[in-house]
Engineer: 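Let me begin by handing over the structure; questions about it come next.
If you're wondering where the values come from, they're calculated on a predicted model, not measured in any experiment. Lettering of chains follows the sequences in order, A, B, ..., and the numbering in each one begins at 1.
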There are 2 protein chains.
Amino acid sequence: MIDELRQIGTFSRRATASANHEFASQGLNNNRFQYLLRICERPGLFFDALAADMAVDRTTSFRAVQKLIAEGYVEKRPDAVNKKVRRLFPTEKATALYPTIHQFEAGVADRTIGSLTPGEQQLLAELLTKINAQL
Amino acid sequence: MIDELRQIGTFSRRATASANHEFASQGLNNNRFQYLLRICERPGLFFDALAADMAVDRTTSFRAVQKLIAEGYVEKRPDAVNKKVRRLFPTEKATALYPTIHQFEAGVADRTIGSLTPGEQQLLAELLTKINAQL
DNA sequence: TTTATTTTATTGCAAATGCAACAAGGGGTT
DNA sequence: AACCCCTTGTTGCATTTGCAATAAAATAAA
């Protein structure tokens, strides 16, 4: 079982490294492409929810998003009712770039998971959901 | 398919984060527990082979191992025939600690992948091998 | 053999990471 | 109300990370 655990790790590192390399020229390396994808897909998300969602360190996530804000990809707006939360929204610049990043991610998914039969893909999804629920 | 890709990522991060936290008190955080496991299991491995094996950056791997050497976990020895390669070996201190780290990793594997039936585990291993071969 | 290319180890440097801590608001209890 | 705990955002600081570059040995090509 340890072997599966390690295979998941190396696969994950290889996949994210390829996207980081791909988007480095646009300042979206260091997993910033990932944060940006999530903010585009769930606008209004706030800092800690984003970090929890991605299962990354709160402060690392915070600073990555701060950089996205500084680069003009994300806008931070105060919540209407809760004075503590700052909601995150993609800018025009981000929504314009979103299809490209999404397509790259879809390409990786297609070249890897797409090599499985539809039945295997379905099965993989179920197995991943099961094991993820244990952590 | 993108969802599976992301599930693999979050699962991987959660799993490695838990081990990093577990062994931080012994200076084996920042994935150093992983490097150490591999060196214990394949003594004589050299720097670049280790990095390629784990699918991590060469220099990051190099410095992590340098720290393991500084902390007395690993010994670096010149190869007999090839003057370029430095082979890595676990010290007494490392071999003494190995069972504990291995057991922790096995525990994570058991609590997650162990929640699947034996048939599902076999299937997961096959699916992971297939998708890993594409990267 | 000589030259070129690849492999392996290593360092410089700027940026990212993550633990610890803090501030301040929210929500619950008494 | 007053009190306490939890949540959310934020910063300080030492360490880690990773791109780029270098040196030197090995291998391939000429």
Engineer: Between B:F104 and B:F33, does the ring centroid distance fall short of 6.0 Å?
Structural biologist: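 Not close enough - the centres of the two rings lie 6.0 Å or further apart.
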Engineer: Want to settle it: does B:K83 or B:T60 sit nearer the 5' end of DNA chain D, counting the closest nucleotide to each?
Structural biologist: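 The residue closer to the strand's 5' end, by nearest nucleotide, is B:T60.
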Engineer: Identify whether any heavy atom of B:N29 sits under 4.0 Å from a base atom; if not, whether one sits that close to sugar-phosphate; answer base, sugar-phosphate or nothing.
Structural biologist: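 If one applies the 4.0 Å heavy-atom cut-off, B:N29 turns out to touch nothing in the nucleic acid.
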Engineer: Is a donor-acceptor pair below 3.5 Å formed from side chain A:R58 to base D:dT10, judging by atom type as modelled?
Structural biologist: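 Indeed, a donor on one side and an acceptor on the other fall under 3.5 Å apart.
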Engineer: If you pin B:N30 and B:Q66 to their nearest nucleotides in DNA chain C, which one's is more 5'?
Structural biologist: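 Mapping each residue to its closest nucleotide by heavy atoms, the 5'-most match is B:Q66.
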Engineer: May I ask you to say what B:R32 touches in the nucleic acid, namely base, sugar-phosphate or nothing, with a heavy-atom cut-off under 4.0 Å?
Structural biologist: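 Sugar-phosphate only.
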Engineer: Between B:T91 (side chain) and B:Y73 (backbone), is there a donor-acceptor pair under 3.5 Å?
Structural biologist: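 Yes; judged by distance alone, with no hydrogens or angles, the pair exists.
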Engineer: Would you state whether a donor and an acceptor, one from the side chain of A:R63 and one from the base of C:dG18, lie under 3.5 Å apart?
Structural biologist: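 Such a pair exists between side chain and base.
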Engineer: State whether the distance check finds a donor on one side and an acceptor on the other, under 3.5 Å, for side chain A:R87 versus base D:dG9.
Structural biologist: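 Answer is no: no donor-acceptor pair is held.
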Engineer: If you find the nucleotide of DNA chain C closest to A:N82 and the one closest to B:A49, which residue's nucleotide is nearer the 5' end?
Structural biologist: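 This one resolves to B:A49.
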Engineer: Please work out if B:F47 contacts a base, only the sugar-phosphate, or nothing of the nucleic acid, heavy-atom cut-off 4.0 Å.
Structural biologist: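 Result for B:F47 = sugar-phosphate.
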Engineer: Looking only at side-chain atoms of B:K67, point me to the closest of C:dC19, D:dT7, D:dT16.
Structural biologist: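 Looking only at side-chain atoms, B:K67 lies closest to D:dT16.
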Engineer: Assess whether side-chain hydrogen bond (donor to acceptor under 3.5 Å, both in side chains) is satisfied between B:N20 and B:N31, documenting all intermediate values.
Structural biologist: CA-CA 6 Å; B:N20 277 322; B:N31 296 326; 3.2 Å; yes
Engineer: Between P on D:dA21 and CZ on B:F62, what's the gap in Å once rounded to a whole number?
Structural biologist: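 Spelled out: CZ on B:F62 to P on D:dA21 is 19 Å.
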Engineer: Could you tell me whether a side-chain N or O of B:D79 sits under 3.5 Å from a main-chain N or O of B:V81, the two making a donor and an acceptor?
Structural biologist: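 Side chain of B:D79 to backbone of B:V81, a donor-acceptor pair under 3.5 Å: yes, one is there.
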Engineer: Base, sugar-phosphate or nothing for B:V81? Non-hydrogen atoms, less than 4.0 Å.
Structural biologist: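 Counting heavy atoms under 4.0 Å across all strands, the contact made by B:V81 is with sugar-phosphate only.
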Engineer: Tell me which nucleotide among D:dG18, C:dC19, C:dT10 gets nearest to the side chain of B:K76.
Structural biologist: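 Selected nucleotide (nearest to the side chain): C:dT10.
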Engineer: Separation of B:Y35 atom OH from D:dT16 atom C1', in whole Å?
Structural biologist: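 Computing the B:Y35:OH to D:dT16:C1' distance gives 10 Å.
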